[in-house]
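Worksheet for the structure shown next.
Note on naming: letters A, B, ... go to the chains in the order of the sequence lines (proteins, then strands), and numbering restarts at 1 for each one. Heavy-atom basis, side chains included; hydrogens, waters and symmetry copies ignored.
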Protein chains: 2
Amino acid sequence: MARKETINWNGCPIRYAASVFADRWNFVILRDVLFKGRRYYGDFLAAGEGISTNILADRLSKFEASGILTRHQDRKKRSRIYYLPTQKALELIPIFLSIIDWAERHDEHTEVPEQFITAYRQDADKTIAETEQLIALANAQVTNIH
Amino acid sequence: MARKETINWNGCPIRYAASVFADRWNFVILRDVLFKGRRYYGDFLAAGEGISTNILADRLSKFEASGILTRHQDRKKRSRIYYLPTQKALELIPIFLSIIDWAERHDEHTEVPEQFITAYRQDADKTIAETEQLIALANAQVTNIH
DNA sequence: AAATATCACTTGCAATTAACAAGTATAGTA
DNA sequence: TACTATACTTGTTAATTGCAAGTGATATTT
């Protein structure tokens, strides 16, 4: 996003969403948070398949600013930082699931577990709930164990 | 997207989707196509609230390349060009509707007609179908009248 | 027929952002 | 005390974006 600070956003939901997460790396980070249980800076780096450290730092702080992630310090090991998804982030799950559904239909290279996609198409709400469970688990691992 | 042509996309649906439409201006163009009936280059320019001509041209040709839009010449007035959404584009509707739903819940500035959002929340499939109707109408206006 | 206008782009250049490599700060470990 | 780990910064180069102007192919007006 170059220049043009004072755009007329005009109450458009799509433009708002665009400003929050319409970016290649944002998609990947959100995928990692919502579906892969990643919570640490280092995890995102390793998993992001190529994101640079400065870009990752930039995106994480922007997600914090927009209320998608919260930043926390590990109590016992204070040098470790973890990021947790907010409710606002959890509510992105339906969007990302329908993206997965779409990609599976239109990209021949996409490989989603048959079971997962079938389950989603039969009962989307259930898959949404299950994904939330997954997230709760990942959160617990980070907040309790350490 | 600078450099890094040879990424390991790895069959990930989110990365595929990111490569096709995760970009500020892509969001706006798709909004215009899916919900506002815009079909002409000039319409996109006027409505995009600030997109540059070169960026618009770039995005339109990429959408063509990725099978989201098809480019057509008006028969009677051959200098006019219109773009039509493909089936692949139509199937983005559920994604964009859930984005609208999400933004309405989390952005105080977002102004979506109450009626629309309520209808969507009560019966998503119906709103999806209605949006498809809207698109059919916009297509007809472009392909028949001229 | 010539001049003007419309439309859909290109092109050139400056400004902004991203990628890559390296470095720094703080905390914990040997 | 030295070494390591983790989470970032910083600097530099490369790529993309924004903006203004230009171009070419129709149409329209005079």
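A straight line from CH2 of A/Trp25 to C1' of C/dA19 spans 10 Å, rounded to a whole angstrom. A/Leu56 places its CG atom 18 Å from the P atom of C/dT17, with the value rounded to the nearest Å. The nearest whole Å value for the distance from the CD1 atom in A/Ile51 to the C1' atom in C/dA21 is 16 Å. Separating the NZ atom of A/Lys62 from the C1' atom of C/dT17 is a distance of 9 Å, rounded to the nearest angstrom. The interatomic distance linking B/Asp23 (CG) with D/dA15 (P) rounds to 19 Å, in whole Å. The nearest whole Å value for the distance from the CZ atom in B/Phe44 to the C1' atom in C/dC7 is 14 Å. Rounded to an integer number of Å, the gap from CD1 of B/Ile55 to C1' of C/dT17 is 12 Å. Taking atom CG of A/Asp74 as the reference point, atom C1' of C/dT26 lies 14 Å away to the nearest angstrom.
Taking 4.0 Å as the cut-off between side-chain N and carboxylate O, B/Arg38 and B/Asp32 count as a salt-bridged pair. Ion pair A/Lys62/A/Asp58 flagged as a salt bridge, since at least one NZ, NE, NH1 or NH2 atom sits closer than 4.0 Å to an Asp/Glu carboxylate oxygen. Look at B/Asp74 and B/Arg78 and you find no salt bridge, because none of the NZ, NE, NH1 or NH2 atoms lies under 4.0 Å from a carboxylate O. The pair A/Arg24-B/Asp23 does not meet the salt-bridge criterion, since no charged nitrogen lies less than 4.0 angstrom from a carboxylate oxygen.
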Between the protein and nucleotides 28-30 of chain D, which nitrogen or oxygen pairs come in under 3.5 angstrom?
none

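Here the side chains of B/Leu92 and B/Ile95 are in contact, with some heavy-atom distance below 4.5 Å.
With sequence neighbours excluded, the residues that form a ring pair (Phe, Tyr, Trp, His ring centres under 6.0 Å) with B/Phe96 are B/Phe27. With sequence neighbours excluded, the residues satisfying side chain to side chain donor-acceptor pair (under 3.5 Å) with B/Asp101 are B/Arg105, B/Arg121.
Applying the ring-ring contact (aromatic ring centres under 6.0 Å, His included) definition to pairs two or more places apart or across chains, those involving residues 105-142 of chain B are B/Trp102-B/His106. Residue pairs meeting the ring-ring contact (aromatic ring centres under 6.0 Å, His included) criterion with at least one partner in residues 50-79 of chain B, sequence neighbours excluded, are B/His72-B/Tyr82.
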>> Each nucleotide in nucleotides 7-12 of chain D should get exactly one letter: B, S or -. Can you fill that in based on protein heavy atoms under 4.0 Å?
In response: SBBBB-
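In terms of phosphate contacts, B/Arg39 brings no side-chain nitrogen or oxygen within less than 4.0 Å of OP1 or OP2 of C/dC7. Residue B/Arg59 places at least one side-chain N or O closer than 4.0 Å to OP1 or OP2 of D/dT17.
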